[in-house]
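Encoded as structure tokens, the structure appears first; notes follow it.
Proteins come first, then strands; the chains are lettered A, B, ... in the order of their sequence lines, and each starts at number 1. Because the structure is a prediction, the values reported are computed rather than measured.
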Amino acid sequence: MPEGHSLHRLARRLRRDLVGRPTRAWSPQGRFAEGAAEIDGDVAASSDAYGKHLVLGYESGRLLHVHLGLFGKMGRRRDPSAEPRGAVRLRLATDRSAWDLRGPTACHLITPGDLDRLLGRLGPDPLRPDAYPTPALARIARSRRTIGELLLDQSIIAGIGNVYRCEILHLVGMAPQTPGRATGEHERARMWDLAVSLMAEGASAGRIVTFPQPSTDGRRLYVYRQETCGSCGGPVTRAALGARPAHWCPRCQPEEGP
DNA sequence: CACTCATGTACAC
DNA sequence: TGTACCTGAGTGG
């Protein structure tokens, strides 16, 4: 699940649950024992998502940075004293609940300088109200890289993952191989607007839905990991683009010139 | 049941 | 460039 929408949803739930409360922290699995000890008992002050990154702030000024990666999870337990199950990297518990972090790519305490550097290498996040997309869209307009690669580059736009990339390209009718510089201004603006609206819906719903609901066959996506295209019913093509498999409909998303 | 693959980085080499 | 992360949905036997 963890594209940007999941992290924003998680940040909101953690904010509701943790902020303002003294929070016990420890590492049942042991791999974050020292970091957890540093924030143990601290009062949580903020919970924010930036693209796919989660940052919890504490009243002491300490900052906890989490990136879930591909299969990291952070799940809520109602009973704060419930026994952790499995490989729990970090448990955060207040008087009302506990949160268990498993399998993250990153879980570190960071300095304000680290946070600045992190934010400095992220592009605008469609889910942040202050996001300013103009320079990012201009970079796409100048780039010889493919639009499929550019949409996954977190330093251009932060928070889009493989599902949203494929779905957004379908909705604008563009093949992922299209060079950034071959995209039109209107198409670039529409890709950004789609990212904003689709990811906001995903954050509220808790899952990615791009196909109009209710769909008769339970379909939620047009092309990502689909056999047939949700628009025309034709076969969906799958091919690695950069490191990751892209899915698109060659009929609805024709390749354009360079 | 065993096995593969996945919504993604981070780091070792 | 390859591997770690070590979850969980889906597939096949």
Side-chain angles (χ1 to χ4, degrees), chain A residues 1-11 27-33 35-36 49-55 64-77 84-91 99-111 114-115 117-123 125-127 148-171 176 191 194-195 198-211 217-227 230 236 238-248:
Chain A
M1 290 246 202
E3 297 196 21
H5 70 296
S6 308
L7 276 296
H8 280 266
R9 178 184 176 84
L10 175 61
S27 178
Q29 173 210 43
R31 287 192 46 189
F32 188 56
Y50 305 93
K52 300 168 191 167
H53 300 261
L54 173 72
V55 179
L64 173 67
H65 170 221
V66 171
H67 195 294
L68 293 178
L70 183 56
F71 47 68
K73 299 261 185 304
M74 198 154 183
R76 186 181 195 269
R77 302 287 299 266
R85 288 190 297 256
V88 175
R89 181 81 58 91
L90 173 65
R91 167 164 288 192
W99 286 85
D100 287 345
L101 172 66
R102 310 174 138 81
T105 283
C107 172
H108 309 291
L109 294 181
I110 60 169
T111 66
D114 295 331
L115 180 58
R117 279 184 289 279
L118 170 67
L119 300 186
R121 59 183 164 78
L122 293 180
D125 175 349
L127 288 181
E149 293 172 86
L150 292 163
L151 289 183
L152 278 190
D153 183 339
Q154 302 298 298
S155 71
I156 300 205
I157 295 176
I160 293 180
N162 203 9
V163 181
Y164 281 121
R165 153 177 91 159
C166 295
E167 294 297 301
I168 288 169
L169 287 174
H170 182 78
L171 287 164
M191 286 190 273
L194 282 166
L198 294 175
M199 292 174 72
E201 286 169 38
S204 330
R207 62 184 184 181
I208 302 178
V209 176
T210 61
F211 194 80
D217 53 355
R219 178 191 278 270
R220 296 202 296 270
L221 302 172
Y222 283 97
V223 287
Y224 180 77
R225 297 242 276 166
Q226 306 295 305
E227 298 254 303
V236 168
R238 171 195 154 120
L241 199 79
R244 330 270 317 276
H247 306 252
W248 75 98

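- With sequence neighbours left out, A:Arg238 forms a salt bridge (Lys or Arg N to Asp or Glu O under 4.0 Å) with no residue at all.
- Going from atom CG of A:Leu7 over to atom C1' of B:dG8 covers 11 Å, rounded to whole Å.
- Residue A:Gln154 places at least one side-chain N or O under 4.0 Å from the OP1 or OP2 atom of B:dT9.
- Nucleotides B:dT4 and C:dA4 have their P atoms positioned 15 Å apart, rounded to a whole Å.
- Atom-to-atom distance recorded for A:Leu127:CG and A:Arg9:CZ is 12.5 Å, nearest 0.5 angstrom.
- Distances were taken from every side-chain heavy atom of A:Ala87 (C-beta onward) to each of C:dC5, B:dT7, C:dT7; the shortest belongs to C:dT7.
- As judged by a 4.0 angstrom heavy-atom cut-off over every strand, A:Gly161 is placed among residues touching the sugar-phosphate backbone only.
- The same atom, C1', is picked in B:dA10 and in C:dG8; the two are 22 Å apart, to the nearest Å.
- What separates CD of A:Gln29 from P of C:dC5 is a distance of 9 Å, to the nearest Å.
- When heavy atoms are screened at a 4.0 angstrom cut-off, A:Arg238 is found touching the sugar-phosphate backbone but no base atom.
- Across all strands shown, A:Glu167 has no heavy atoms under 4.0 Å from either base or sugar-phosphate atoms.
- We find that OH of A:Tyr224 is positioned 15 Å from P of C:dA9, with the value rounded to whole Å.
- Across the P atoms, B:dC5 and C:dT3 are found 15 Å apart, a figure rounded to whole Å.
- A:Lys52 has no side-chain polar atom (N or O) that falls below the 4.0 Å cut-off from OP1 or OP2 of B:dT7.
- A sub-4.0 Å separation between OP1 or OP2 of C:dC5 and a side-chain N or O of A:Arg89 is absent.
- At the heavy-atom level, A:Tyr164 lies nowhere under 4.0 Å from the strands shown.
- Distance check: A:Ser6 OG to A:Lys73 NZ gives 9.5 Å after rounding to the nearest 0.5 Å.
- Here A:Arg121 does not reach the OP1 or OP2 of B:dT9: none of its side-chain N or O atoms lies under 4.0 Å away.
- Summarising the geometry, the separation between CG on A:Leu70 and P on B:dA10 is reported as 13 Å, rounded to the nearest angstrom.
- A sub-4.0 Å separation between OP1 or OP2 of B:dA6 and a side-chain N or O of A:Arg244 is absent.
- OP1 and OP2 of B:dT7 both lie 4.0 Å or more from every side-chain N or O belonging to A:Arg225.
- Here the P atom of nucleotide C:dA4 and the NE2 atom of A:His67 are 20 Å apart, to the nearest Å.
- Residue A:His247 is out of contact with every strand shown, counting any heavy-atom pair closer than 4.0 Å.
- Atom C1' of nucleotide B:dT7 and atom CZ of A:Arg220 are separated by 12 Å, given to the nearest angstrom.
- Atom pair A:Asp100:CG and C:dG8:P shows a separation of 11 Å (rounding to whole Å applied).
- Here the CD-CD distance, from A:Glu167 to A:Gln226, works out to 7.0 Å after rounding to the nearest 0.5 Å.
- Of the inter-residue distances, the one linking A:Asp125 atom CG with A:Leu7 atom CG reads 9.5 Å to the nearest 0.5 angstrom.
- The aromatic rings of A:His53 and A:His65 sit parallel to each other, their planes meeting at less than 30°, with 60° as the upper class boundary.
- Note: CZ (A:Arg31) to P (C:dC5) measures 6 Å, nearest angstrom.
- The residue among A:His108 and A:Pro104 whose nearest nucleotide of DNA chain B is located toward the 5' end is A:Pro104.
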